[in-house]
Amino acid sequence: MLSFESSFYEIIGILAVALIIILILLIAVGLVQLAISIRINKFIFPRFQSFILDSFYSFFESVFNIFNMHPDILEEFNIKLKNQASLEEFMKVPPSKRIVVLPQCLRSINCPARLSARDGIKCLECGKCKIMEFVSKAEELGYKVFVVPGGTFVKRIIIKERPKAVIGVGCFPDLVEGMKIAARARIAAQGVLLETSGCIETIVDWNKLYDKLYLGLNREFRGDP
Ligand code: SF4
């Protein structure tokens, strides 16, 4: 009985040590890949890298802190990585199966539109912010655009619309969370980080957002000469 118990604990011990070694190896590979990718500004196995980064994000943050590197570098890299991981799939999806999710904080503080529990905020085209122009172009291409107050709404829209691809805009935590939800639902996601965070009149680089809108579309869709 004793020898059975001791061999059982021995096996558990060996498994635990093996697991720790695997974790250390994964982190080491992730760190090397991260350093090389940031240095050469190119992604190496983006899906794997994204998985490692998400799994050990706090650890990578601590390493950045130790080396006095700005956390924005890691956040931007994480979003670029996720974008790259699903880029090919995203480009194959026609605009009619794509949606765009914008945060309500992009609106003008004097926005007259009201929140609907079903569709979020429906732009009334008052022209006080750039959402009006963007929605018009996106809808012309075949997209559906939603202006939403938060993550719960995003989940609801994804369940209702069942898109094959999504473009999301948000601050870092919201965007990463949204992109994880999309990945779990097998939806190809492209994210654009807000240039300023906060809750009102935030700023996005509209050029970056328009570039996402046109991904995979030919000149005829883009309206290029
Ligand atoms: S353009 Fe649309 S979203 Fe922007 S402030 Fe006017 S109604 Fe609101």
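Counting convention: from 1, in listed order, for ligands and their atoms alike.
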Nearest protein heavy-atom contact for [atom]: which residue, which atom, what distance?
atom	result
atom 3 (S) of ligand 1	C129 SG, 3.7 Å
atom 8 (Fe) of ligand 1	C111 SG, 2.3 Å
atom 7 (S) of ligand 1	L124 N, 3.2 Å

For atom 2 (Fe) of ligand 1, which candidate among C126, G127, A113, C123 holds the nearest heavy atom? C123

With a 4.5 Å limit on heavy-atom distance, are the side chains of L23 and F59 in contact? no

Can you find a pair of side-chain heavy atoms, one from L141 and one from Y214, that are under 4.5 Å apart? yes

Which ligand 1 atoms are under 4.0 Å away from a heavy-atom of M132? 1 (S)

Would R98 and L213 count as a side chain to side chain contact (heavy atoms under 4.5 Å, CB included) here? Give the steps. CA-CA 9 Å; R98 299 179 187 181; L213 210 56; over 6 Å; no

Kindly determine whether N78 and L74 satisfy side chain to side chain contact (heavy atoms under 4.5 Å, CB included), including the steps that lead there. CA-CA 6 Å; N78 195 0; L74 190 59; 5.7 Å; no

Just do the salt bridge (Lys or Arg N to Asp or Glu O under 4.0 Å) check on K160 and D119 with the steps written out, would you? CA-CA 10 Å; K160 186 168 105 32; D119 300 315; 3.4 Å; yes

